Peer 1: 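Structure in structure tokens, see below.
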Number of protein chains: 2
Amino acid sequence: MPSDLRTRKRLAMRQAISNAATRLFFARGFDHVTIDEIAKEADVGRMTVFNHFPRKEDMFFDRDDEARDNLLNALRQRAPEISPVEAFRLLAHRLIADKAPYVEFSARSAEFMNTIVASEALKARARQTRDELTGQTAAALAETTGQAEDANARLTASLLLATWSTAYAEALRTLQHTGDTKAANASFLALIDQGTLGVKAAMAGTPYA
Amino acid sequence: MPSDLRTRKRLAMRQAISNAATRLFFARGFDHVTIDEIAKEADVGRMTVFNHFPRKEDMFFDRDDEARDNLLNALRQRAPEISPVEAFRLLAHRLIADKAPYVEFSARSAEFMNTIVASEALKARARQTRDELTGQTAAALAETTGQAEDANARLTASLLLATWSTAYAEALRTLQHTGDTKAANASFLALIDQGTLGVKAAMAGTPYA
DNA sequence: TTTAAATATATACTCAGTACATGTTTTGCT
DNA sequence: AGCAAAACATGTACTGAGTATATATTTAAA
């Protein structure tokens with residue numbers, strides 16, 4: 001909690017808007033909530049909403065930065081004897097073991113995903129985030145192996161992120177079918193292991209495997 | 001060319017609008033052309049534009065269906081002794097050998113890609129198309145191997161499409177650096193081979209590899 | 001306490017996309 | 001040929017996100 005009055009007020013207002021928006025989004029679906037309604041619900045001016053959230057989607061995705069930083073840090077700060085692909089795999093296992101909020105396969109996260117799937121705008125934003133993360137991952141891969149960013153780095157990043165998102169989707173699917181978080185976790189990790197195994201094979205002979 | 005007068009007129013009008021739009025898009029960038037300008041350039045009413053192209057992006061991406069059909073057909077109509085992943089790999093080689101228009105790495109396609117990269121809207125549409133194709137590919141994979149669509153099919157599709165788009169991007173990068181179409185082709189196929197090798201490893205023991 | 005920077009908010013705009021109504025052309029039927 | 005229905009072109013009026021800009025108010029800092 002920052003001591004600065006201005007900053008505290010600013011964050012409080014941001015949070016108030018985000019809360020109002022989230023409430024409305026889950027109740028009625030992202031596409032059926034207007035910025036005007038959010039402003040009214042949060043009792044602020046319309047322009048204030050844009051002031052804090054340049055895009056409507058920004059009110060929905062709030063923890064993206066955390067997930068991104070986790071991934072990039074895991075690649076950058078891995079032990080030298082661990083390959084990047086293996087570091088990625090271990091990160092997935094660690095996140096599940098630690099019950100990190102954004103890979104917790106619970107009723108809450110299923111609702112989250114359902115809201116995304118129901119909205120083209122949210123799906124588009126999710127894809128954009130993933131693409132940008134793929135690029136950043138390629139850069140991090142090259143950087144931590146002392147290479148210039150090359151085709152190998154980009155293919156590795158692309159395959160890893162494809163693996164991640166497939167595993168994530170699969171875990172949520174398992175959750176919806178079985179209602180069992182443990183089973184969802186297991187299917188997530190199984191696909192992570194399967195995908196990374198493939199990536200290692202593709203990257204054999206490079207510093208990434 | 002359909003003999004039907006109505007259909008011919010309709011297609012002609014559609015083409016006229018598409019041509020006008022394309023001209024403007026390449027000249028000024030997708031985001032800096034309004035629907036009104038396109039309508040005026042094609043000398044039709046604004047609503048007519050929407051009549052033929054529900055979304056602005058539809059005027060830009062015109063050959064997507066062709067690319068999609070090629071991929072799905074290659075998977076569906078492969079010889080029984082060829083695995084789906086191998087069929088994918090062979091398709092890529094065949095398209096290059098046949099100089100298929102949408103995988104021709106020429107100055108024209110570089111300009112095309114530059115226009116896409118300059119526009120968030122076009123990038124978003126490209127991602128959407130790719131995601132949808134991934135889903136259709138998973139379904140086709142399951143179908144042609146007589147499986148129910150499962151996690152293996154989805155992981156395979158996801159890794160294959162990731163491979164494709166990375167290879168495509170890499171080829172264009174090579175083209176821009178070297179100006180050499182042959183070099184671009186070579187880098188495309190090298191990445192396709194590398195990626196599919198990884199997918200085969202990941203899918204060993206399944207009917208997809 | 002005065003000044004400067006941040007912040008909240010109003011007004012007025014742009015542009016894609018939708019809803020709906022109305023002509024106009026083509027077709028298929030008699 | 002002549003007519004009714006379908007398909008198509010197009011106008012008007014709207015919604016809703018996002019931008020530009022101006023202004024007022026609050027907080028920080030001197």
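All values reported here derive from a predicted model rather than from experimental measurement. Letters A, B, ... mirror the listed sequences (proteins, then strands); counts begin at 1. Just so you know, these numbers use all the heavy atoms, side chains as well, and skip hydrogens, waters and symmetry mates.
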Peer 1: Take atom CG in B:D98; do more than 12 heavy atoms of anything else shown fall under 6.0 Å from it?
Peer 2: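 More than 12 heavy atoms, drawn from other residues, nucleotides or ligands, come within 6.0 Å of this atom.
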
Peer 1: Send over the distance from B:L5 CG to D:dC8 C1', rounded to a whole Å.
Peer 2: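 Result: 13 Å.
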
Peer 1: Please give, in whole Å, the distance from D:dG16 P to A:E37 CD?
Peer 2: 8 Å

Peer 1: Quickly work out the A:L24 CG to D:dG16 P distance and round it to whole Å.
Peer 2: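 Atom CG in A:L24 sits about 14 Å away from atom P in D:dG16.
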
Peer 1: Could you pull out the protein-nucleic contacts involving nucleotides 4-7 of chain C (nitrogen or oxygen on both sides, under 3.5 Å)?
Peer 2:
residue : atom : partner : partner atom : Å
C:dA5   : N3   : A:R6    : NH2          : 3.4
C:dA6   : O4'  : A:R6    : NH1          : 2.9

Peer 1: Check whether the side chains of A:N70 and A:Y102 place a donor and an acceptor atom closer than 3.5 Å, and report yes or no.
Peer 2: yes

Peer 1: Nearest heavy atom decides the nucleotide; on that basis, is A:K9 or B:K9 closer to the 5' end of DNA chain C?
Peer 2: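 The residue whose closest nucleotide sits nearer the 5' end is A:K9.
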
Peer 1: Could A:R108 and A:F26 be counted as a cation-pi pair, given that NZ or CZ must be under 6.0 Å from the ring centre and within 45° of the axis?
Peer 2: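 The answer is yes; both the distance and angle limits are met.
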
Peer 1: Looking at B:K40 and B:E37, is any side-chain nitrogen of the basic one under 4.0 Å from a carboxylate oxygen of the acidic one?
Peer 2: no

Peer 1: Given atom CG of B:L11 and atom P of C:dT26, what is their separation to the nearest angstrom?
Peer 2: 15 Å

Peer 1: Look at atom NE2 of A:H93 and say whether more than 12 heavy atoms of other residues, nucleotides or ligands are closer to it than 6.0 Å.
Peer 2: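 Yes, NE2 of A:H93 has more than 12 neighbouring heavy atoms, counting only those of other groups under 6.0 Å.
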
Peer 1: Specify the separation, in whole Å, of atom NZ of B:K40 and atom C1' of D:dA9.
Peer 2: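 Result: 18 Å.
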
Peer 1: If the threshold is 4.0 Å, N to carboxylate O, is there a salt bridge linking B:D4 and B:R10?
Peer 2: no

Peer 1: If only side-chain N and O atoms count, and only distance matters, is there a donor-acceptor pair under 3.5 Å linking B:Q147 with B:N152?
Peer 2: no

Peer 1: Does the protein touch nucleotides 12-23 of chain C at the base, only the backbone, or not at all? Give it as B, S and - per nucleotide, heavy atoms under 4.0 Å.
Peer 2: ---SSBBB----

Peer 1: Less than 4.0 angstrom from a charged side-chain N to a carboxylate O is my criterion; do A:R14 and A:D62 meet it?
Peer 2: yes

